[in-house]
Peer 1: 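Starting off with a structure, shown below.
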Amino acid sequence: DTLVWVAMFWSATRLASGLAGIRLSAVEIQSRKEAELQLLDTVAELRRVRALQDHFLTRSNEERARLEALLNVMEFGVLFMDNENRVSFCNKQFHTMWGFDVAHTLNGLRHTALLDRTAGARCDDIHYRAHVEAAIAGRRVSDPYECTLADGRTLRDISAPVPGGARLSPISGRGGE
């Protein structure tokens with residue numbers, strides 16, 4: 001009991017006196033039909049994979065939103081840098097500590113540009129930059145570094161590597177001392 005796929009073609013044969021018969025021909029299309037069935041299976045599998053990707057993307061976005069909400073209510077600034085030393089996230093407190101508008105995103109900004117933008121706020125910019133460069137070069141949690149700002153506040157900076165190549169810099173501040 002073997003199934004063989006064929007395509008059938010027919011046409012009427014006519015004589016001057018009328019219909020003489022029907023001409024029927026069949027062409028074997030087994031390989032084409034098997035390819036079509038394989039394509040249907042592949043499309044179904046791709047749809048299942050896409051649905052799974054959409055599910056995981058939704059869950060990932062929900063987790064990111066929860067994490068972002070948590071980080072935004074913390075009383076210390078948090079900055080994530082990617083492995084190309086670009087800002088990938090900073091919370092609202094980080095913006096406030098350094099005088100940035102919370103509505104303005106810093107994502108994608110290189111660490112050198114961020115240091116340049118905040119240079120005027122620090123009393124000792126050279127030593128702070130050296131601390132940041134050492135933290136970036138290091139593969140461990142940095143020693144705490146206290147940075148005195150021009151307005152009298154003191155910020156305590158600690159940098160830590162994050163799995164996946166990113167770096168985390170939690171920065172806490174306290175009033176003028």
Side-chain angles (χ1 to χ4, degrees), residues 3 5 31-122 125 128-147 149 151 153-175:
L3 177 66
W5 288 91
S31 60
R32 184 179 88 192
K33 196 62 175 176
E34 287 173 358
E36 287 175 0
L37 292 172
Q38 181 64 38
L39 281 173
L40 287 174
D41 287 344
T42 301
V43 167
E45 180 63 24
L46 287 172
R47 286 183 178 149
R48 281 190 296 273
V49 168
R50 177 58 189 243
L52 194 58
Q53 286 175 334
D54 289 345
H55 171 73
F56 285 124
L57 178 61
T58 299
R59 286 188 61 194
S60 175
N61 287 339
E62 290 169 353
E63 288 298 319
R64 181 178 175 89
R66 280 192 283 277
L67 177 62
E68 200 168 309
L70 174 66
L71 292 173
N72 279 326
V73 296
M74 292 182 163
E75 293 186 20
F76 54 90
V78 176
L79 170 72
F80 283 99
M81 303 289 284
D82 65 17
N83 53 4
E84 294 178 3
N85 296 324
R86 293 182 184 274
V87 175
S88 60
F89 173 82
C90 54
N91 68 350
K92 290 178 182 177
Q93 186 63 20
F94 181 89
H95 279 87
T96 302
M97 291 174 130
W98 289 104
F100 293 113
D101 180 5
V102 176
H104 179 72
T105 183
L106 299 173
N107 289 0
L109 192 65
R110 293 190 72 57
H111 80 286
T112 52
L114 185 59
L115 288 171
D116 291 343
R117 286 188 184 184
T118 58
R122 292 184 291 278
D125 185 51
Y128 185 75
R129 286 177 186 259
H131 160 74
V132 169
E133 293 302 328
I136 289 171
R139 299 287 180 224
R140 60 180 180 76
V141 176
S142 72
D143 293 328
Y145 180 86
E146 291 200 352
C147 175
L149 301 182
D151 64 6
R153 293 179 296 143
T154 301
L155 299 183
R156 186 170 189 245
D157 182 307
I158 300 173
S159 181
V162 175
R167 293 200 63 79
L168 163 68
S169 292
I171 302 170
S172 60
R174 47 184 196 270

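Residue indices begin at 1 and follow the sequence shown.
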Peer 1: Is it the case that the side chain of N72 and the backbone of K92 share a donor-acceptor pair, with hydrogens and angles ignored and the cut-off at 3.5 Å?
Peer 2: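 Answer holds: yes.
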Peer 1: Kindly compute the distance separating CZ (R32) from CH2 (W5), expressed to the nearest 0.5 Å.
Peer 2: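 Reported value, rounded in 0.5 Å steps: 10.5 Å.
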Peer 1: Anything under 3.5 Å between a donor and an acceptor, one on a side chain of residues 103-112, the other on a protein residue two or more places apart or in another chain? List them.
Peer 2:
from : atom 1 : to   : atom 2 : distance (Å)
T105 : OG1    : N107 : N      : 3.1
R110 : NH1    : E84  : O      : 2.9
H111 : NE2    : E133 : OE2    : 2.9

Peer 1: Roughly how far, to the nearest 0.5 Å, is CZ of R47 from OG1 of T42?
Peer 2: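 Between atom OG1 of T42 and atom CZ of R47 there are 11.5 Å.
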Peer 1: Would you say the side-chain atoms of R153 pair up with the backbone N or O of M97, donor to acceptor, closer than 3.5 Å?
Peer 2: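 Side chain of R153 to backbone of M97, a donor-acceptor pair under 3.5 Å: yes, one is there.
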Peer 1: Which value, rounded to the nearest 0.5 Å, describes the distance between L67 atom CG and E63 atom CD?
Peer 2: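 It is 8.5 Å, given to the nearest 0.5 Å.
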Peer 1: Apply the test side-chain contact (heavy atoms from CB on, under 4.5 Å) to residues W98 and L114: give CA-CA distance (whole Å), side-chain angles for both, the deciding distance (0.1 Å), then the verdict.
Peer 2: CA-CA 10 Å; W98 289 104; L114 185 59; over 6 Å; no
Peer 1: Could you label the plane-to-plane angle of the F100 and H95 rings as parallel, tilted or perpendicular, counting under 30° as parallel and over 60° as perpendicular?
Peer 2: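 Plane angle over 60°, so perpendicular.
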Peer 1: Tell me, which pairs form a side chain to side chain donor-acceptor pair (under 3.5 Å) where one or both residues lie in residues 52-61, sequence neighbours left out?
Peer 2: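 Side chain to side chain donor-acceptor pair (under 3.5 Å) check on residues 52-61 returns R50-D54.
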Peer 1: Evaluate side-chain contact (heavy atoms from CB on, under 4.5 Å) for V162 paired with M81, printing each intermediate quantity in order.
Peer 2: CA-CA 9 Å; V162 175; M81 303 289 284; over 6 Å; no
Peer 1: So, taking the atom named CG in L57 and the one named CG in L52, what distance separates them when rounded to the nearest 0.5 Å?
Peer 2: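 Those atoms lie 11.5 Å apart.
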Peer 1: If only atom types and distance count, is the side chain of N91 paired as donor or acceptor with the main-chain N or O of V78 below 3.5 Å?
Peer 2: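 It does hold such a pair.
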Peer 1: For the atom pair CG (N83) and CD1 (I136), what is the distance rounded to the nearest 0.5 Å?
Peer 2: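 Going from the CG atom of N83 to the CD1 atom of I136 covers 12.0 Å.
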Peer 1: How many angstroms lie between CG in L79 and CG in L71, if you round to the nearest 0.5 Å?
Peer 2: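 Answer for the CG-CG pair, L79 versus L71, is 11.5 Å.
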Peer 1: For the backbone of L115 and the side chain of R122, can you confirm whether one donor and one acceptor N or O come within less than 3.5 Å of each other?
Peer 2: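 Side chain of R122 to backbone of L115, a donor-acceptor pair under 3.5 Å: yes, one is there.
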Peer 1: Closest approach of R64 and S88, non-hydrogen atoms and distance?
Peer 2: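 Nearest heavy atoms, R64 then S88: NH2-O, 4.0 Å.
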